[in-house]
Chemist: 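Can you read through this structure? Questions will come right after.
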Amino acid sequence: MLDLGTGAGFPTFPLALVKPELHFTSVDSIRKKVDFVRDTAVQLGLEQVTPLVGRAETLGRSADHREHYDRVVVRAVASLPVLAELTLPLLREGGLLVAQKGAISADELNAGRRAAGEVGGKVQVVDPFELPVLGDARTLIVIEKLGRTPSKYPRREGVPTAQPLFWTPPQKQAR
């Protein structure tokens, strides 16, 4: 399992504690966060956690990581079309992207469905829910990798975010 944008190790740590038989690769582009995950994994005795400094665009083109993982988990990292392009190259056929996002618009979901198809996947689950206590809107999205990802994906660093597949994000209003 790969945790992309792991930050302080969530959801890697809770998952590794309840599923010690699984191997977890925790990726973040910020070395300080990865160092924290490494130190915490050592303190907790979680030998199955491998922290890694990196970016999805680079990992998705690396023979060591491309089409290597059974699951990729992400939390609120990017829009759905960007997530599809960044994560599906990392999954084996039959693998799953499990993404927790905030509320998602119909336009973003439709663009995400098209982007997933472009890179070899299909949106299988869209489950809107509210966080207990706070009541904040969230959406759990599961995309299954059905076929190989074309070699042109992911595009070079920064391009998926700057030019998402099939998606023009709404403009932020100036204050």
Chemist: Does a side-chain heavy-atom distance below 4.5 Å link Leu2 with Val73?
Modeler: no
Chemist: May I ask you to list the residues sharing a hydrophobic cluster with Val53, side-chain cutoff 4.5 Å, ordered by chain and number?
Modeler: Val34
Chemist: For a quick test of reading the model, state the closest non-hydrogen atom pair linking Asp28 to Gly5 and the distance between them.
Modeler: OD2-C, 3.5 Å
Chemist: Looking at Ala84 and Val119, what are the two nearest heavy atoms and their distance?
Modeler: O-CG2, 3.5 Å
Chemist: Can you confirm whether more than 12 heavy atoms, excluding those of Glu93, are under 6.0 Å from its CD atom?
Modeler: yes
Chemist: Show me, pair by pair, the donor-acceptor contacts under 3.5 angstrom made by side chains of residues 139-146, not counting sequence neighbours?
Modeler:
| unit_1 | atom_1 | unit_2 | atom_2 | d |
| --- | --- | --- | --- | --- |
| Thr139 | OG1 | Gly102 | O | 3.1 |
| Glu144 | OE1 | Gln124 | NE2 | 2.9 |
| Lys145 | NZ | Glu67 | OE2 | 3.4 |
| Lys145 | NZ | Leu88 | O | 2.7 |
| Lys145 | NZ | Leu91 | O | 2.8 |
| Lys145 | NZ | Thr149 | OG1 | 3.1 |

Chemist: Would a 4.5 Å heavy-atom cut-off, applied to side chains only, mark Phe166 and Arg113 as touching?
Modeler: no
Chemist: So Arg114 and Pro81, do their side chains get closer than 4.5 Å, heavy atoms only?
Modeler: no
Chemist: Do Phe24 and Val37 land in one hydrophobic cluster if side-chain heavy atoms of ILVMFWY residues count as linked below 4.5 Å?
Modeler: yes
Chemist: Taking the side chain as everything from C-beta on, heavy atoms only, tell me whether Thr25 gets closer than 4.5 Å to His23.
Modeler: yes
Chemist: Specify whether His65 and His68 have parallel, tilted or perpendicular ring planes, treating 30° as the upper limit for parallel and 60° as the lower limit for perpendicular.
Modeler: perpendicular
Chemist: Hey, does Tyr69 have a side-chain heavy atom less than 4.5 Å from the side chain of Arg92?
Modeler: no
Chemist: Could you check whether Thr12 and Ser26, counting side-chain N and O atoms only, form a donor-acceptor pair closer than 3.5 Å?
Modeler: yes
Chemist: Is the shortest side-chain N to carboxylate O distance from Glu57 to Arg156 below 4.0 Å?
Modeler: no
Chemist: With a 4.5 Å cut-off on side-chain heavy atoms, are Met1 and Asp70 touching?
Modeler: no
Chemist: Please give me the minimum heavy-atom distance between Gln48 and Leu22, naming the atom from each residue.
Modeler: CG-O, 3.0 Å
Chemist: Using a strict 4.0 Å threshold on nitrogen-to-oxygen distance, state whether Asp35 and Lys32 make a salt bridge.
Modeler: no
Chemist: Would you mind reporting whether Lys101 and Arg138 have side-chain heavy atoms less than 4.5 Å apart?
Modeler: no
Chemist: Is there side-chain contact between Asp3 and Val27, with heavy atoms separated by less than 4.5 Å?
Modeler: no
Chemist: Closest heavy-atom contact between Pro154 and Ala56?
Modeler: CG-O, 4.0 Å
Chemist: Do you know which two heavy atoms are closest between Leu165 and Ala115, and how far apart they sit?
Modeler: CB-CB, 3.9 Å
